[in-house]
Amino acid sequence: MTTNTIRTKIRIIGAFFIILMLLIVGTTIYLNAKNKKDALIINIAGKERMLTQRISKNIFYLYHNNSQDTTELDSARTEFIYNLHSLRDGNNLMGIPKAPTPAIAKQIAKIEVLWNTFSNNAQHFKDLLIIRNNGENGKRIKSYVNAIYNTNNNLLQEVDNLVTLYTAYSEKKTETIKYFQFFFGFMIILLIFYSLTQLRAMEKNANKFFEYSQQLIHADMEHLEPIQIEAETEIVQATDTLNAFINKVNSAMDYSAEAIEQSKNASMKLEEITDEFDKVIDELNNSQDVSRQLNKSEDMVIESTEELISSAQKLQELKAELDKLISAAKQKD
């Protein structure tokens with residue numbers, strides 16, 4: 001399939017526009033979905049920080065108020081473990097992928113080590129709440145409370161680092177996708193400029209065709225010149241059609257002019273023959289039979305001459321009709 005046609009060029013430009021627009025829309029939809037997912041992950045990682053604070057706060061409350069209700073403590077510990085495993089291994093139910101980079105996976109492992117220590121101290125504290133009135137157990141409880149206080153800060157700091165890693169990873173992915181969007185947008189701008197140049201080229205070729213047509217109509221010559229133009233296939237086909245008509249008109253005009261010239265030559269020859277016969281008739285004026293035959297021959301020659309003159313007139317009328325055709329085309333413009 002040739003690409004030098006107006007239809008093909010329009011189809012190709014349109015197809016590129018559609019593809020680029022779909023790519024931009026697709027990347028935008030993907031970016032929005034990714035931002036929502038990343039926001040959920042960062043929110044979960046940030047919630048881990050809040051859960052460590054809740055656990056510590058609840059332990060201090062239980063210690064100072066002689067309470068044994070560990071419902072909030074157990075709930076916070078269970079949620080922290082669930083979220084940590086979701087960040088590490090992924091969670092299809094929540095739509096969370098597993099740790100996307102080695103740095104994030106390493107940070108989660110580091111948090112797990114600190115959490116195990118922190119969680120063990122919290123569990124020991126819980127186990128000793130029932131017998132806390134014993135003096136020795138009271139000292140042990142206090143030591144676990146102090147240990148929880150000391151490890152809480154380290155755990156909190158590492159969770160903050162995890163949130164930072166997730167935030168940086170999300171921003172990097174967003175920036176990469178935006179680069180693709182900028183690239184597709186730049187390609188659309190280039191395609192717009194390319195489309196404008198192609199449209200200008202098509203317009204220029206069409207104007208050339210019309211200019212040549214106008215020159216052809218206004219041309220004052222007996223032989224019409226065919227149009228020569230390099231353009232799109234549709235314009236070339238229209239040019240070929242017009243050139244075929246021009247060639248037919250030129251052929252008819254040449255034929256009529258040649259026929260008129262031949263008829264004129266034949267008429268001149270017959271006039272010469274008639275003059276010769278007149279001389280012979282004058283010389284043979286005394287012979288009645290010969291004169292009769294010669295008169296008969298002369299009549300035949302005159303009749304032939306009249307027929308030739310009539311033919312010449314008809315050919316002239318044909319040429320006049322062709323001239324009218326050309327004049328009508330000029331007036332139509």
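Scope of the values below: all heavy atoms of this structure, side chains included, with no hydrogens, waters or symmetry mates. Numbers here simply count residues along the sequence, with the first being 1.
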Do other residues, nucleotides or ligands put more than 12 heavy atoms under 6.0 Å from the CG atom of Asn116?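 Yes.
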
Please indicate whether Phe60 has more than 12 foreign heavy atoms, meaning atoms of other residues, nucleotides or ligands, lying under 6.0 Å from its CZ.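 Check passes, neighbour count above 12.
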
Please report the interatomic distance [atom1]([X]) to [atom2]([Y]), rounded to the nearest 0.5 Å.
X      : Y      : atom1 : atom2 : result
Ile18  : Leu23  : CD1   : CG    : 12.0 Å
Gln157 : Thr52  : CD    : OG1   : 11.5 Å
Gln107 : Thr101 : CD    : OG1   : 10.0 Å
Ile81  : Ser119 : CD1   : OG    : 5.0 Å
Ile111 : Leu162 : CD1   : CG    : 4.0 Å
Asn58  : Leu73  : CG    : CG    : 5.0 Å

Donor-acceptor check, side chain of Ser75 to backbone of Glu72, threshold 3.5 angstrom: yes or no?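 Here the side-chain-to-backbone pair does not exist.
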
Side chain to side chain donor-acceptor pair (under 3.5 Å) involving Tyr179 - partner list, sequence neighbours excluded: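 Testing Tyr179 for side chain to side chain donor-acceptor pair (under 3.5 Å), a comparison that skips the adjacent residues, returns Glu175.
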
With sequence neighbours excluded, residues passing side chain to side chain donor-acceptor pair (under 3.5 Å) with Ser86: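 Residues passing side chain to side chain donor-acceptor pair (under 3.5 Å) with Ser86: Asn91.
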
Co-membership, hydrophobic cluster, residues [X] and [Y], 4.5 Å side-chain:
X      : Y      : result
Leu22  : Phe182 : no
Leu156 : Leu114 : no
Ile55  : Tyr61  : yes

Decide yes or no for Ile189 and Phe193: does some side-chain heavy atom of the first lie under 4.5 Å from some side-chain heavy atom of the second?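 Touching, per the 4.5 Å side-chain cut-off.
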
Show me the pairs that pass salt bridge (Lys or Arg N to Asp or Glu O under 4.0 Å) and involve residues 73-99, at least two apart or across chains.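 Qualifying pairs, neighbours excluded: Lys47-Glu79, Asp74-Lys126, Arg88-Glu112.
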
Inter- and intrachain pairs under salt bridge (Lys or Arg N to Asp or Glu O under 4.0 Å), touching residues 148-171, at least two apart: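 For residues 148-171: Arg49-Asp160, Lys110-Glu158.
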
Report the residue from Asn83, Val159, Leu84 that forms a side chain to side chain contact (heavy atoms under 4.5 Å, CB included) with Leu51.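 Passing option: Asn83.
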
Can you name the closest pair of heavy atoms from [X] and [Y] and give their distance?
X      : Y      : value
Ile108 : Leu87  : CD1-O, 3.6 Å
Ile148 : Ser56  : CG2-OG, 4.1 Å
Ala99  : Tyr166 : CA-OH, 4.4 Å
Ile42  : Ser170 : CD1-CB, 4.4 Å
Gly185 : Ile24  : N-CD1, 4.0 Å

Is Val113 isolated, or which residues cluster with it under the ILVMFWY side-chain rule of less than 4.5 Å, directly or via members?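 None, because no other hydrophobic side chain comes under 4.5 Å of this residue.
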
If you look only at pairs with a residue in residues 77-119, which of them pass as a ring pair (Phe, Tyr, Trp, His ring centres under 6.0 Å), with sequence neighbours excluded?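 Residue pairs with at least one partner in residues 77-119: Phe80-Trp115, Trp115-Phe118.
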
